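Written below as structure tokens is the structure these notes are about.
Values below: every heavy atom of this structure, side chains too, minus hydrogens, waters and symmetry copies. Note that the structure is predicted; figures quoted are calculated from it, not measured.
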Amino acid sequence: GVLFCSGVDFFLDAGVRRPAREINSIVLHYTVFPVTPQALVRIFEDRQVGYHLLVGRDGSVTQFVRVGDRAAHVGRGGEIGGIFVNNSTSIGISFDNMGKLNFVENRYVIPGLRAPVAPRGEPVEVDGVLWEPYTDEQLDAGRRLIAALHDEYGDLPVFGHSDLPGFKDDPGPLLSL
């Protein structure tokens with residue numbers, strides 16, 4: 001594995017030092033809340049969860065965990081198309097995006113929360129569900145990042161967190177890489 005992934009703009013060390021097994025996949029996520037990379041480091045330290053990489057709304061890429069180390073981003077994991085995907089075998093990439101939104105009482109909220117949020121961009125409806133859009137810069141950076149990981153690790157399959165067993169929606173239908 002590589003310490004730093006090519007295409008990374010910033011490295012904020014989340015302090016994770018658990019060697020991963022052989023990498024077999026890439027798993028895509030969204031953050032749910034609009035957050036700064038510095039805030040994510042604090043969350044990772046407090047909750048012992050995290051991603052390897054974050055793609056910001058401006059297309060910047062921040063790496064938190066060395067690709068060769070385990071990042072807790074898929075829970076228990078599971079099997080997808082004959083590939084067992086878990087925290088020790090996958091690279092977690094998150095995109096700064098709120099994902100699914102509800103419009104209640106003339107305001108947007110993240111499902112399950114009461115606090116109003118301000119979507120960054122006009123929400124897009126897909127099959128009756130509203131989603132915060134990704135930026136062109138994020139999509140371009142995501143494509144470049146995945147290409148760099150493929151150059152390093154071979155043609156790894158790319159999955160959404162929603163492809164794993166469970167109740168996750170990320171990265172949602174608007175992330176087209």
Taking the side chain from Asn87 and the backbone from His73, do they hold a donor-acceptor pair closer than 3.5 Å?
-> yes

When you look at Leu28 and Leu175, which way does the side chain to side chain contact (heavy atoms under 4.5 Å, CB included) test go after all the steps?
-> CA-CA 9 Å; Leu28 305 178; Leu175 187 64; 3.8 Å; yes

Run through the side-chain heavy atoms of Ile, Leu, Val, Met, Phe, Trp and Tyr, join any pair under 4.5 Å, and report what else lands in Phe159's cluster.
-> Val27, Val74, Ile80, Ile83, Val85, Leu164

Ignoring hydrogens and geometry, is there a side-chain-to-backbone donor-acceptor pair from His52 to Gly92 under 3.5 Å?
-> yes

Supply the atom-to-atom distance Asp96 CG to Arg57 CZ, rounded to the nearest 0.5 angstrom.
-> 6.0 Å

Under the side chain to side chain donor-acceptor pair (under 3.5 Å) test, which residues partner Asp169, sequence neighbours left out?
-> Lys100

Joint cluster assignment, Val104 & Leu101, ILVMFWY side-chain distance < 4.5 Å | no

Applying side chain to side chain contact (heavy atoms under 4.5 Å, CB included), run through Ile91 and Leu156 and close with a yes or a no.
-> CA-CA 10 Å; Ile91 299 168; Leu156 297 172; 4.2 Å; yes

For Val117 and Val109, run side chain to side chain contact (heavy atoms under 4.5 Å, CB included): C-alpha distance rounded to whole Å, both residues' side-chain angles, the deciding distance at 0.1 Å, then the answer.
-> CA-CA 5 Å; Val117 294; Val109 296; 5.5 Å; no

Leu53, Leu54, Leu145 screened by side-chain contact (heavy atoms from CB on, under 4.5 Å) with Gln63, the one that passes | Leu53

What about His29 and Tyr51, are their ring centers closer than 6.0 Å?
-> yes

Which is it for Ile146 and Val158 under the side chain to side chain contact (heavy atoms under 4.5 Å, CB included) test, yes or no, and what are the steps along the way?
-> CA-CA 8 Å; Ile146 289 170; Val158 179; 4.0 Å; yes

Using the benzene-type ring in the case of Trp, are the ring centres of Tyr108 and Phe103 under 6.0 Å apart?
-> yes

Please answer whether the main-chain N or O of Gly172 pairs with a side-chain N or O of Asp170 as donor and acceptor at a distance below 3.5 Å.
-> no

Validation row: Ser90, Ile26 side chains within 4.5 angstrom (heavy atoms) = no

So, does Gln138 use its side chain to make a donor-acceptor pair with the main chain of Thr135 at under 3.5 Å?
-> yes

Let me check something: any side-chain donor-acceptor pairs from residues 122-134 under 3.5 Å, sequence neighbours excluded? List them with distances.
{"residue": "Glu132", "atom": "OE1", "partner": "Met98", "partner atom": "N", "Å": "2.7"}
{"residue": "Glu132", "atom": "OE1", "partner": "Arg120", "partner atom": "NH2", "Å": "3.0"}
{"residue": "Glu132", "atom": "OE2", "partner": "Arg120", "partner atom": "N", "Å": "2.8"}
{"residue": "Glu132", "atom": "OE2", "partner": "Arg120", "partner atom": "NE", "Å": "3.0"}
{"residue": "Tyr134", "atom": "OH", "partner": "Pro171", "partner atom": "O", "Å": "2.5"}

How many angstroms lie between atom OG of Ser25 and atom CZ of Phe84, to the nearest 0.5 angstrom?
-> 10.0 Å

Just by distance, do the side chain of Asp69 and the backbone of Arg66 share a donor-acceptor pair under 3.5 Å?
-> no

